[in-house]
Amino acid sequence: MQEISLSNSTVNLDDEGYLLNLDDWSEELAQALAEEENITLTDSHWEIIGVIRHFYQEFGLSPAMRPLVKAVGQQLGPDKGKSMYLMKLFPESPAKQAARLAGLPKPTNCL
Amino acid sequence: MSQKSILLILSQAPYGTPNAREALDIALTSAAFDQTVSILFSGDATWLLQAEQNPADIEQKSVAQVCAALPMYDIDQLFVVTDDAEQRGVEYQQSPASPLGSDALSAFIAKHDVVLRF
Amino acid sequence: MSTLHTLNKAPSNSSLWHDCQRALQAGDTLLLIENGVYGCADDTFTAQIIAADIKVYALRADLAARGITLSGDSGVAVASDDDFIRLSIENNKVISWF
Amino acid sequence: MKFSILIYGSPHNSQAVHTAYRYTKAALAAGHEVHRVFFYGESVLSGSFLNAPQRDEQNIMQLWHELALHHDLDLVICIAAALKRGVLDPTEAKRHEKPAHNIEAPFQLSGLGQLTEAILLSDRLVTFGG
């Protein structure tokens, strides 16, 4: 288990950095997780985090890459609904990294 | 990798056993690997298409929600055996699955390369 | 394009037998395995299928385990494990009904 | 010919795992290739070395184990199905902070993608359900 310290609390994470308790998510947590991965969250990142959280709410799944690209395209327009665009924002692996920052479970249908 | 036409026949009810959900996970994964998967809802699996499922009180995830996600995974070849749904009184009319009569079943099944049935 | 179907439940599981039966096409093969071989105890279950130009086999080990013997004129053939492999190859795909 | 085997039935509550075993053995004996055996659903319980049947009863884990060593078989247990049923290898036991594990080589945990790959690369996929 890992921990991450926020201003008023400490949040538990699993060994891969995903939240143990999904209700612990906050924007401050997303910031802190992003810093650990050397990502500075811009509006473009927040848009994607919003899309992926909405996806989880609607379907009960953390999306794999293809459905994530599709959801982003539907909600933010075709220019952003491209894997290249997501790779620039989340270079490690967009589906996994965005799910982690958004406080969702690790996607199980990933490659 | 090569392409094969994969048909997944679901026959079990959405709740009570994990079968339906585990079968859908095969579809989601195959789609993530860029494979074309068709899904046929037959028998008690026609209940997956029932409107207004709310499994919150039995503390299970909604299988209907997963079905709703299928088009996002580009799984849009969905079919329902209408005789089975109607025999059970399933309210499937709003679902995106195309109707298939049981007399057309054997020909439909025969045209796929790989058929998994759960 | 023909299919090998395997069926592993007794005919008392009538919805499974019904679902399997309506998926069979002329030229297909049905192999009864496990409790499916109880379908050989009464010819009426298999006679209808055979009449539709479907070959019907029952797996030897499962017949023996359950004490089921085939009546000579039932039209059902006994299959060894090797026959199961051969039938899987002779047909284009295998669908399992369970 | 290249086969892959998908097992779905429980080792304790169905005959599926044993029928699949006999099938695999017969395919190998006839000189065919078995590309992968994929354990899904309740069949993941087959891999546990903590199953302790009576000495005079069948030990299905042992049967598969010996067949795999003899023929260099790829025995894959679906990781998602396994974890929720308490089937873990040392790595997953550590990751989930569990005090024990119950599977080891030649069984290995992997994702459902291994099933998709097996479907694509095999001439026949044969399912054994519960």
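Throughout, a chain's letter reflects where its sequence line sits, starting with A, and its residues are numbered from 1. Computation of the quantities below employed the complete heavy-atom set of this structure, encompassing side-chain atoms and omitting hydrogens, waters and symmetry-equivalent molecules.
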**Study point:** Partner chain D: residue of C:N92, C:V94, C:D82, C:I33 with the largest heavy-atom pair count (under 4.5 Å)
**Key:** C:N92
Review point. In terms of heavy-atom pairs under 4.5 Å, which option from D:A29, D:A30, D:A27 contacts chain C the most?
Key: D:A27
Review point. Taking side chain as C-beta onward, heavy atoms only, is D:V76 less than 4.5 Å from D:D74?
Key: yes
Check your understanding: Considering only heavy atoms, which portion of D:L6 lies under 4.5 Å from any heavy atom of chain C: side chain, backbone, both, or neither?
Key -> neither
Check your understanding: Side chains of C:D42 and C:T44: do they bring a donor and an acceptor to under 3.5 Å?
Key -> yes
Point to revise | Which portion of C:L4 sits near chain D, non-hydrogen atoms under 4.5 angstrom | key: neither
Check your understanding: So, D:Y23 versus C:S88: side-chain donor-acceptor pair below 3.5 Å or not?
Key -> yes
Practice item. Mind ranking C:D62, C:I95, C:T6 by heavy-atom pairs under 4.5 Å with chain D and telling me who comes out on top? Key: C:D62
Exercise for review: Calculate, to the nearest 0.5 Å, the distance between atoms CG and CH2 belonging to C:L30 and C:W97 respectively.
Suggested key: 10.5 Å
Practice item. Answer with side chain, backbone, both or neither: which region of C:N8 has an atom nearer than 4.5 Å to a non-hydrogen atom of chain D? Key: side chain
Exercise for review: Please examine the side chains of D:H32 and C:I89, heavy atoms only from C-beta on, and report whether any two atoms are closer than 4.5 Å.
Suggested key: yes
